[in-house]
Structure formats: structure tokens, C-alpha cells
There are 2 protein chains.
Amino acid sequence: MVKHTGRPGYLQIADNLREKIRGGSLAPGTPLPSTAQLAEQYGASLSVVKMAVGLLRNEGLVIGQQGKGVFVRDDVPPAPPPTDELAEIRLTLRDLSERLAKVEAQLSDRR
Amino acid sequence: MVKHTGRPGYLQIADNLREKIRGGSLAPGTPLPSTAQLAEQYGASLSVVKMAVGLLRNEGLVIGQQGKGVFVRDDVPPAPPPTDELAEIRLTLRDLSERLAKVEAQLSDRR
DNA sequence: CTGGTCAACATAGTTAACCTAGTTGGCTGG
DNA sequence: CCAGCCAACTAGGTTAACTATGTTGACCAG
């Protein structure tokens, strides 16, 4: 499942889950699959799944309850405060720049 | 250094660093101590320090440069642009991501 | 039926090890 | 002198293993 792009796996998984939550595919109050299931589903190790879930937890999108599971928060902040969104955009820009630089390097090598 | 409170160590370290940054004790542009130094300084393992730094990185407080160090951002809180422009930017970013992903996929296939 | 135990499964935190990749500075061979 | 190599140090990503703790359901003795 995890693509062979420059973007690290734990970010890809976090992106995917975030998208599903924001898109309503994972409704508020519903539990995410367990970390073990997610690991198998994405073809990743437990650790990267835990890192991805930790990100969402840190963003407040999701709440983990020991022994039960990880649940989508009811009050999903639909629009993160402008500064947060700006920060996210900057991160995305940096990611794109790095990946583009690598692609350009490979292209010039084979030219 | 890490207290015996309920708060996990990686959050304590992140809090402490965040405080130093916001308080000016770590000025913009200056590098943080290396992860190894931080680990010794806080009496924690490398992993928890990496997690703490990762948090700050995710928050945009700090920028890591491979091979050099982790630097405090000279963060000028920019005036939030109109939401319309924000939406447009997001669409552009999504488009760029998709196109870049295709290029990367072709490169990895033909390699 | 009731209460207790126990096994299975869940998140969460921590540590250690290994790998990639970028940077820097010093040393050496020409 | 100096160009190039190399060792040391840096951040970042991934994986595995272990501990702690909470939840749940099955099972059994009383």
C-alpha cells in the first residue's frame, strides 16, 4: 500500500487516515482498525502505524483509549486554524521541493 | 531531568524545548544541541529525543537539516491570506503532488 | 446466579539497533 | 599547494522487542 515516493511511510499512512476521516469514510465515534490490522493493511510495520496514529492523536483528530481502541473524535476540527493550515502548507511545499529535487537529479544523471 | 510525573518523557522534552524557543532562550536561527547531546542532557534515550524533536518539527517550530542540525525557525507569523486563496493553494498543492507522484513512479519503474 | 480469575487483545511508552543520506574537517598522495 | 578521499558526526526513517496498563469475554468454583 505504501507508495515508493520520497514521502516517508508514516506520513503516507497518516495522510490516508486523515483523508478518510475528513472525507467521512471514518465517521466520528467509530474506531479505527487496530494497529495490527492497519499494519497488515498498509503493508507496514507496527512501529510506523503507531507513529502515524500518534500524529493524528497529536493533531486532535483522534483519541486513543488504552485497551479499547483509537476513535475518531466527535468534534473533528473541520478547518484547522489558519496558522496551522499555513504550517501544513509549508510542510507540504518543503516535501514537494525535496522530492522534485531528487527527481531532477535522477533525470540529469541519465541525460 | 525527566520528571516522574504521568506525562511521558518525549512530551516533557518537547515542552521544555518549546518553552526555551518561545522564551527566546533558543533564538531563531540557532541550532539545537545534537540529538545525542540532548539525550544525555535529559537523561533519555535517543529515541525519545528524536520523538520530541519530531513533534517540534511537525509543529513548524523547528527545521531539521540532515547532516547539519536542527534549527529554530525565524518564524514571522504571516498575515493569514484570504480563505479563497488558501483553497486555491490547496488545490494547486494537490495537483502538484499527483503529478510528481506519477513522475516518481515512472522513474522507479524504468530504473 | 455470583464473583473471581485468567487469557487475549488493545493502546501507549521506551529502548536498542540498523540503515540512509548530508555535512564537515583533516589527512594524504600527486 | 591542493584536489580528492575518508572518517566522524549529523538528522531521519524503519524495525523489533519489551514493559505497562486497560478492556473484554470466557470459564469455573462456590
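Each chain gets a letter, A, B and so on, in the order the sequences are listed, and its residues count up from 1. Computed from a prediction, not measured in an experiment: that's the story for all the values here.
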inquiry  = Quick check on C/dG13: is either OP1 or OP2 less than 4.0 Å from any side-chain nitrogen or oxygen of B/Tyr10?
reply    =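 It does, given that an N or O in the side chain of B/Tyr10 lies less than 4.0 Å from OP1 or OP2 of C/dG13.
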Working to the nearest 0.5 angstrom, can you tell me the gap between [X] [atom1] and [Y] [atom2]?
X: B/Ile21; Y: B/Arg73; atom1: CD1; atom2: CZ; answer: 11.0 Å
X: A/Thr30; Y: A/Lys20; atom1: OG1; atom2: NZ; answer: 11.5 Å
X: A/Arg22; Y: A/Leu61; atom1: CZ; atom2: CG; answer: 5.0 Å
X: A/Asp15; Y: A/Leu56; atom1: CG; atom2: CG; answer: 9.0 Å
X: B/Leu55; Y: B/Ile13; atom1: CG; atom2: CD1; answer: 10.5 Å
X: A/Glu40; Y: A/Leu46; atom1: CD; atom2: CG; answer: 10.5 Å

Rounded to the Å, how far apart are [X] [atom1] and [N] [atom2]?
X: A/Asn58; N: C/dA12; atom1: CG; atom2: C1'; answer: 14 Å
X: A/Ile63; N: D/dG22; atom1: CD1; atom2: P; answer: 17 Å
X: A/Leu38; N: D/dT15; atom1: CG; atom2: P; answer: 15 Å
X: B/Leu56; N: D/dA11; atom1: CG; atom2: P; answer: 13 Å

State, with a plain yes or no, whether a side-chain heavy atom of B/Tyr42 is found less than 4.5 Å away from one of B/Val48.
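Side-chain contact under 4.5 Å: no.
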Enumerate all atom pairs, one protein N or O and one N or O from nucleotides 5-11 of chain C, separated by less than 3.5 Å.
unit_1: C/dT11; atom_1: OP1; unit_2: A/Thr35; atom_2: N; d: 3.1
unit_1: C/dT11; atom_1: OP2; unit_2: A/Thr35; atom_2: N; d: 3.4
unit_1: C/dT11; atom_1: OP2; unit_2: A/Thr35; atom_2: OG1; d: 2.8
unit_1: C/dT11; atom_1: O2; unit_2: A/Gln66; atom_2: NE2; d: 3.2

Strictly under 3.5 Å: I want the nitrogen or oxygen pairs between protein and nucleotides 15-18 of chain C, one per line.
unit_1: C/dT15; atom_1: OP2; unit_2: B/Ser45; atom_2: N; d: 3.4
unit_1: C/dT15; atom_1: OP2; unit_2: B/Ser45; atom_2: OG; d: 2.9
unit_1: C/dA16; atom_1: N7; unit_2: B/Ser47; atom_2: OG; d: 3.1

Classify the nucleic acid contact of A/Gly54 as base, sugar-phosphate or nothing, counting any heavy atom under 4.0 Å across all strands shown.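 A/Gly54: no heavy atom of the nucleic acid under 4.0 Å.
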- Could you pull out the closest heavy-atom pair between B/Pro31 and B/Phe71, with the gap in Å?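 Shortest heavy-atom separation between B/Pro31 and B/Phe71 comes out as CB-CE2, 3.6 Å.
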